[in-house]
Student: 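Have a look at the structure that comes next, please.
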Amino acid sequence: MRRRAVLAGVLLLAGCASGPSLENRGAVTAPPGDSKHLTIGSAGFTESDLLAQMYALLLRQAGYRTSMLTVANRELYEPALESGQIDVVPEYAATFADWLNAKTHGADAPPVGSPDLTATMKALRSLATPRGLTVLDPGRAVDQNAFAVTSRYARQHRLKNLSDLGASGLKVRLAAGDECVERPYCEPGLRKTYGIDITAVDPKGVGTTQAKQAVQSGRDQMVLTTTTDATLGEFGLVLLADDRHLQNADYIVPVVNRSRAGGEGVTKALGRLNDVLTTADLASMNQQVDSRRRLPEDVARAWLKDKGLLK
């Protein structure tokens, strides 16, 4: 992990191969590989950097040499993963399943990601395997869309989950992105699944400071954010539970290039996270990086040591 390739060096990814073709079955069905020098990919945002650093630290402890490559665009890093320029990357099950599905079957293909983790993983693996990719098992941590209100508002109206909000009959102005008005997980889903009376969508983005401030001030009543948002407490906000499972199963999964990193060694090393890493842990680590300005590698190492996963 001493060598870190920066985004400028990623230009050569633009010309990389797109991985084994569906006709090239030999590349797909070859035995899993176990290269001793692995490149760990990060998508360049805090959580992805933290996960990539955890992967690298665990793999190095297991005897692998590791280097890091940051590629902020999935359109670039996924082909690099297929071709072997990247060996391991942290992904999100439902989002990656839908992305691969669109790549395979076209942008208009019906989504395959769903709130059902088992069905989502089955669809994801069926799409990944022909591309020479192996999707390892998900753990406990999930980064889903989520909705937050002020703690005062929640106490005043006795709200613990989104069903409570729907049953309350309260009119809700929602701070979110422009696309919320048409996305099934956002305004339409809140209405259909929970019966929440959304009076307007205030287009301030997903989990932005401006969106949270609008709810904090009372201009809006609820904000669209994520389950690993590390700054909710700073704005006096709390999440309402998605008790009817509107959101897709975006559990964190390592995805590896099968021919280079599909062996038991990588699976065992990264599998140590599965029963330990939680959504709350990720939110806490995100907060340490984003608010306290700590380095992702330092935060990842401290957490792994605290959990007894790193010597």
Side-chain angles (χ1 to χ4, degrees), residues 1-20 27 32-93 95-96 99-100 103 124 127-128 131-136 139 141 143 228 250 252-263 265-273 277 282 285-286 289-290 294-301 303-304 310:
M1 199 162 49
R2 296 290 178 251
R3 178 172 63 85
R4 182 179 180 89
V6 297
L7 192 58
V10 174
L11 292 176
L12 34 100
L13 295 179
C16 72
S18 62
D34 193 28
S35 174
K36 292 304 178 182
H37 185 180
L38 300 174
T39 298
I40 317 300
S42 166
F45 57 93
T46 297
E47 188 168 288
S48 187
D49 286 344
L50 282 163
L51 290 164
Q53 293 288 355
M54 283 190 276
Y55 291 0
L57 288 163
L58 288 172
L59 288 168
R60 193 165 65 199
Q61 180 174 253
Y64 296 88
R65 290 189 300 128
T66 64
S67 55
M68 304 288 292
L69 185 63
T70 299
V71 190
N73 190 320
R74 188 179 275 117
E75 283 74 13
L76 289 179
Y77 75 65
E78 190 278 333
L81 185 62
E82 289 188 29
S83 71
Q85 287 186 274
I86 293 174
D87 301 304
V88 185
V89 70
E91 262 294 356
Y92 301 88
T95 295
F96 196 45
W99 192 88
L100 285 179
K103 181 175 180 178
L124 174 55
L127 290 159
R131 296 183 177 277
L133 306 179
T134 296
V135 183
L136 304 187
D143 188 349
T228 59
D250 260 330
I252 292 160
V253 290
V255 183
V256 305
N257 178 288
R258 176 182 170 87
S259 66
R260 290 182 48 81
V266 171
T267 300
K268 184 177 180 180
L270 299 186
R272 299 183 68 199
L273 286 174
L277 180 64
L282 270 182
M285 286 188 277
N286 285 339
V289 175
D290 291 337
R294 295 186 62 193
L295 294 175
E297 182 176 0
D298 293 341
V299 173
R301 180 182 288 108
W303 182 87
L304 289 170
L310 194 67

Student: Are any side-chain N or O atoms of N286 and backbone N or O atoms of T228, one a donor and one an acceptor, separated by less than 3.5 Å?
Tutor: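 Checking the backbone N and O of T228 against the side chain of N286, a donor-acceptor pair under 3.5 Å is found.
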
Student: Which heavy atom of A128 sits nearest to which heavy atom of V135, and what is that distance?
Tutor: CB-CG2, 3.7 Å

Student: Ignoring hydrogens, what is the shortest heavy-atom contact between A300 and L50? Give both atom names and the distance.
Tutor: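 Closest approach of A300 to L50: CB-O, 4.0 Å.
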
Student: State the CG-CG distance between L295 and D49, to the nearest 0.5 angstrom.
Tutor: 10.5 Å

Student: Under the side chain to side chain contact (heavy atoms under 4.5 Å, CB included) rule, what do V71 and V89 come out as? Steps first, then yes or no, please.
Tutor: CA-CA 10 Å; V71 190; V89 70; over 6 Å; no

Student: What residues form a side chain to side chain contact (heavy atoms under 4.5 Å, CB included) with T95, not counting sequence neighbours?
Tutor: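 In terms of side chain to side chain contact (heavy atoms under 4.5 Å, CB included), with neighbours along the sequence ignored, T95 is linked to R74, Y92, D250.
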
Student: Would a distance-only check, ignoring hydrogens and angles, find a side-chain to backbone donor-acceptor pair under 3.5 Å from R260 to H37?
Tutor: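 Yes, R260 side chain to H37 backbone: donor-acceptor pair under 3.5 Å.
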
Student: Grab the two heavy atoms, one from L310 and one from R301, that are nearest each other, plus how far apart they are.
Tutor: CD2-CG, 3.8 Å

Student: Taking side chain to side chain donor-acceptor pair (under 3.5 Å) as the definition, give me every residue that meets it alongside W99, ordered by chain and number, with sequence neighbours left out.
Tutor: E75

Student: Less than 4.5 Å apart, any side-chain heavy atom of D87 and any of T66?
Tutor: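 No, every pair of side-chain atoms sits at 4.5 Å or beyond.
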
Student: If you compare all heavy atoms of I252 against all heavy atoms of E47, which two are closest, and at what distance to 0.1 Å?
Tutor: CD1-OE2, 4.2 Å

Student: Between Y64 and V266, does a side chain to side chain contact (heavy atoms under 4.5 Å, CB included) hold up when you go through it step by step?
Tutor: CA-CA 9 Å; Y64 296 88; V266 171; 3.8 Å; yes

Student: With a 4.5 Å limit on heavy-atom distance, are the side chains of P254 and M54 in contact?
Tutor: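 Sidechains of M54 and P254: no contact.
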
Student: Taking atom OG1 of T70 and atom CD1 of I40, what is their separation to the nearest 0.5 Å?
Tutor: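 That separation rounds to 11.5 Å.
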
Student: Side-chain contact test, heavy atoms from C-beta onward, threshold under 4.5 Å: evaluate it for E91 versus L124 and give yes or no.
Tutor: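 They are not in contact (no side-chain heavy atoms under 4.5 Å apart), so the answer is no.
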
Student: Kindly state each residue pair satisfying salt bridge (charged side-chain N to carboxylate O under 4.0 Å, His left out) with at least one member in residues 33-46, sequence neighbours excluded.
Tutor: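 For residues 33-46, and leaving out neighbouring residues, the salt bridge (charged side-chain N to carboxylate O under 4.0 Å, His left out) pairs sorted by first residue read D34-K36.
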
Student: Can you find a heavy atom in the side chain of L270 that is under 4.5 Å from one in the side chain of L59?
Tutor: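 When only atoms from C-beta onward are counted, L59 and L270 do touch, with a gap below 4.5 Å.
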
Student: Please assess Q61 against R272 for the test side chain to side chain contact (heavy atoms under 4.5 Å, CB included), listing each intermediate value before the final yes or no.
Tutor: CA-CA 12 Å; Q61 180 174 253; R272 299 183 68 199; 3.0 Å; yes

Student: Begin from the C-alpha positions of W303 and L277 and carry the test side chain to side chain contact (heavy atoms under 4.5 Å, CB included) through to its verdict.
Tutor: CA-CA 9 Å; W303 182 87; L277 180 64; 3.8 Å; yes

Student: Over all heavy atoms of both residues, which pair between A52 and P90 is shortest? Give the atoms and the distance, please.
Tutor: N-CG, 4.2 Å

Student: Is there side-chain contact between E297 and M68, with at least one heavy-atom pair below 4.5 Å?
Tutor: no

Student: Any idea which heavy atoms bring L58 and A269 closest together, and the distance?
Tutor: CD1-O, 3.8 Å

Student: Is any side-chain heavy atom of V256 closer than 4.5 Å to a side-chain heavy atom of L38?
Tutor: no

Student: Measure the shortest side-chain to side-chain distance between L133 and E78 over non-hydrogen atoms and say whether it is less than 4.5 angstrom.
Tutor: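 The answer is yes; the side chains approach within 4.5 Å.
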
Student: Could you give the distance from OG (S83) to CG (N257), rounded to the nearest 0.5 Å?
Tutor: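 One finds 7.5 Å between OG of S83 and CG of N257.
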
Student: Quick check: do L273 and L304 have side-chain heavy atoms less than 4.5 Å from each other?
Tutor: yes

